[in-house]
Amino acid sequence: MFGNLTAAAFEHNWIVNAAVASMGLALVGVAALLTYLRRWRWLWREWLTTLDHKRIGVMYLVVAAVMLFKGGVDALMMRGQQAVAAGAAQGYLSANHYDQIFTAHGVTMIFFVAMPLVFGLFNLIIPLQIGSRDVAFPFLNAVSFWLFAAGAALFNASLAVGHFAATGWLAYPPLSELAYSPGVGVDYWIWCLQIAGIGSLLSGINFLATIITMRAPGMKLMKMPMFIWNALGTIVLVVFAFPVLTATLGMLFLDRFFSMHFFTAAAGGNAMMYVNLIWSWGHPEVYILVLPAFGIFSEVVSVFSEKKIFGYASMVAATAAITLLSFMVWLHHFFTMGAGADVNAFFGIATMVIAIPTGVKIFNWLFTMYKGRVHFTTPMYWFFGFVATFTLGGMAGVLMAVPAADFELHNSLFLVAHFHTMIVGGVLFGLFAGFTYWFPKFTGFKLDERLGKWAFWCWIVGFFLAFVPLYILGFMGATRRLDHYAASTGWQPLFIVAGIGAVIIAIGVLFQLAQIVVSILWRERYRDTTNGDPWNGRTLEWSVGTPVPVYNFAVIPNAAERDPLWEAKRRGCWPPKENPAYEDITLPRNSAVPVIIAALGFLFGFGIVWHIVWLALASAAGIVAALITRSCDNDTEYVISAAEVERMESQRMESRLQKP
């Protein structure tokens, strides 16, 4: 009845037991707090069943924050192990446990931190920036989030029931095949990514339709904000790349469950086909994460320089070039695997070429600041940190684009340092800048600047201490995935410095948490008194008051200019002096179906992992039944009358005037 699930699945070492206990205590604490405050019904009605894209965006960010904590703990454990495990000292982690941790760290940070941060910001910002009242498919948007949440829950379940993969975050065969990984770890890996990946694909389709069809009147393609252009590039990559991931994971599942032998050489399969497929998704994935950060920096630099973005057309062209070229460089991830000199040369040149549009963007940002009135706010600090780290990582990437150099550096810590320089310095710094920049739009108060800058300095100092030693260790011959090394190598001092850097980054995270807590407690001090425009913004999201109403715009704006709000201010047309003509607004009703689909999706994945066939079949049938039930429901929308809209807008205006 329970398939392969036995009591042995719950037997762990003290480290894992402590982690499971902490997760359990956290869940009990949250449940107790909700019970004490009598907020269960509020949580269900206002958040869990919502189809409001803004609240879905917030939930994405909450999940990302929780997973960032987990991924950060994994990183500290790895750095701690490497700092002490030299010579006779074996450290505190077994080799297998260490392998699980570095696999889980990669999966956590890419799939369950960076991706939800991206989609969270998309949900919060895209409809507002294009002048839309909602996304194209609100129900699909909720399903996308809850499938992602189900994948994250299944991923965390592996910590308590069974174990996670020890194969590396991309699970290359033959190591990931059943003969070499007979446990449930790879199965957990397959299905947590499969479920979350389907959610990401659906979200990409939704936002593609939103941007193409729901822009405000007058907003032609070449009038769109740069964040929307970068979001569009990201979404195109999601729509084309994630089906490859889905198919690849499906074939690996068939190999493991039904001995189909897509990737097992002994039976006529080809492991190199897996490597090509996973990286033909994996390298676009890097730009799926980086392009939104580029869009954020375009908004931040323009606003805090009080200038329009320099070279708008060239920035659009650079975005399009990166989107296209990102599909033409995947093989540089395995130059060492015998593709041949001609193939390596092509992909090496393509890798160098993709650095050109990236450089165009950096120079355009710098030229935007030139002769501008630069405000050194926390978002701008994150931008300057990005320029420093991303330039270093970019130069290292161009070096590794030379196949001859890559043969020496590929399996070394130099590569690990390069990747983290691009992802942390490029993606996380950009997302932190965006979070700080747009935070007052949805809360009504700014984040504390002093604590934000302290957090930045801890991150930037800790980052260079954590990863510059890895560049050096790579040149010294230290390979990836090390959990122990000989004392005679002389590597330990550099590993200790890297560990100290990781601790300083953790202190930066604590400052970020303190920044949020202090800002909430002292929110009256940081209150936005500018009618929803605390930064003197340029784009449409700043034209809406705070808190943003459920319908976003009482009247759909006209966006015939590139920076419509800025142009309205310049012409003296903002705020509008005449009362607009309101109309009825149709919005989607809340629905419990996405939550039900996610719960059944989790049970389906758990059943497949443990070969509980009846559970998997019943869950799949339940998902189909839920979708059929939803399709037969004709009461999925409600209408806010024009009179009610006018009343709500008048009430909102009065409350704004009463603010100190």
Side-chain angles (χ1 to χ4, degrees), residues 56 60 63-64 67 71 103-104 106-120 122-123 137 140-158 164-165 167-172 176 185-208 234-257 262 274-289 292 326-327 330 427 594 597-598 600-606 608-609 616 619-620 623:
I56 290 172
Y60 267 116
V63 175
M67 298 303 288
T103 301
V107 172
T108 300
M109 301 305 283
I110 296 297
F111 288 95
F112 297 112
V113 175
M115 288 296 290
L117 285 175
V118 166
F119 281 115
F122 281 4
N123 270 279
F137 308 113
L140 188 66
N141 194 35
V143 171
S144 301
F145 166 73
W146 283 107
L147 284 176
F148 158 77
L154 186 64
F155 172 59
N156 285 307
S158 68
F164 197 61
T167 55
W169 75 285
L170 288 180
Y172 286 179
S176 58
V186 174
D187 301 323
Y188 268 121
W189 179 86
I190 290 172
W191 285 103
C192 75
L193 298 192
Q194 193 73 290
I195 294 169
I198 292 172
S200 297
L201 176 59
L202 295 176
S203 190
I205 294 169
N206 194 3
F207 282 110
L208 180 62
T234 297
I235 291 159
V236 169
L237 292 177
V238 168
V239 169
F240 282 97
F242 266 81
V244 178
L245 176 66
T246 301
T248 307
L249 295 177
M251 285 187 281
L252 184 60
F253 160 72
L254 293 173
D255 269 13
R256 291 179 57 85
F257 278 67
F262 287 103
Y274 179 94
V275 178
N276 274 280
L277 287 171
I278 202 71
W279 278 116
S280 64
W281 159 83
H283 198 85
E285 168 67 11
V286 174
Y287 289 97
I288 287 169
L289 303 179
S326 67
F327 279 107
W330 79 85
V427 178
I597 289 174
L600 293 171
F602 172 85
L603 293 175
F604 174 82
F606 191 84
I608 288 287
V609 166
S619 301
I623 292 172

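For OH of Y172, the number of neighbouring non-hydrogen atoms (other residues, nucleotides, ligands) closer than 6.0 Å is greater than 12. Applying the 6.0 Å contact sphere to CZ of F111 captures more than 12 heavy atoms from other residues, nucleotides or ligands.
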**Request:** Check the pair F240, W281 against side chain to side chain contact (heavy atoms under 4.5 Å, CB included), reporting the backbone distance first and the verdict last.
**Result:** CA-CA 9 Å; F240 282 97; W281 159 83; over 6 Å; no
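For residues 186-199, every residue pair satisfying the salt bridge (Lys or Arg N to Asp or Glu O under 4.0 Å) rule, not counting sequence neighbours, is listed here: D187-R256. Sorted by first and then second residue, the side-chain hydrogen bond (donor to acceptor under 3.5 Å, both in side chains) pairs with a member in residues 140-158 read N123-N141; sequence neighbours excluded.
Using bins of under 30°, 30° to 60° and over 60° for the plane-to-plane angle, the ring pair F164/F155 lands in the perpendicular bin.
In plain terms, the two heavy atoms of L237 and S326 that are nearest each other are CD2-OG, 3.2 Å. Smallest separation of non-hydrogen atoms from I195 and G605: CD1-CA, 4.2 Å. Across all non-hydrogen atoms, the minimal contact from Y60 to S203 is OH-OG, 4.2 Å. Here the closest non-hydrogen pair linking A114 and V427 is CB-CG1, 4.3 Å. Shown here for G250 and Q194, the closest heavy-atom pair between the two residues is N-NE2, 3.6 Å. Looking at every heavy atom in both residues, S176 comes nearest to T167 through CA-CG2, 4.2 Å.
Within the 4.5 Å cutoff, the side chain of F137 has no heavy atoms near those of the L202 side chain. Between F242 and E285 the shortest side-chain heavy-atom distance falls below 4.5 Å. Two residues are said to be in side-chain contact when any heavy atoms from C-beta on lie closer than 4.5 Å; L252 and F262 fail this criterion. Put simply, the side chain of I278 reaches to within 4.5 Å of the side chain of L245, judged on heavy atoms. No side-chain heavy atom of P116 sits less than 4.5 Å from a side-chain heavy atom of M67. For the pair F604/I608, a side-chain contact is recorded, criterion being any heavy-atom separation below 4.5 Å from C-beta on.
Note that the CH2 atom of W169 and the CG atom of L193 stand 9.5 Å from one another [nearest 0.5 Å]. The CG atom of L277 sits 12.0 Å away from the CG atom of L170 when rounded to the nearest 0.5 Å. Put simply, CG on L249 and CD1 on I198 are 9.5 Å apart, with the number rounded to the nearest 0.5 Å.
For the ring-ring contact (aromatic ring centres under 6.0 Å, His included) criterion with F148, the lone passing option out of F112, F119, F602 is F112. Of the listed residues (V239, I288, L208), just one forms a side chain to side chain contact (heavy atoms under 4.5 Å, CB included) with T234, and that residue is I288. Remark: of the listed residues T248, L201, V238, L201 is the sole one forming a side chain to side chain contact (heavy atoms under 4.5 Å, CB included) with P243.
For N276, the side chain to side chain donor-acceptor pair (under 3.5 Å) partners two or more places apart in sequence, or in a different chain, are W330.
Y274 places no side-chain N or O within 3.5 Å of a backbone atom of M251 that could act as its donor or acceptor partner.
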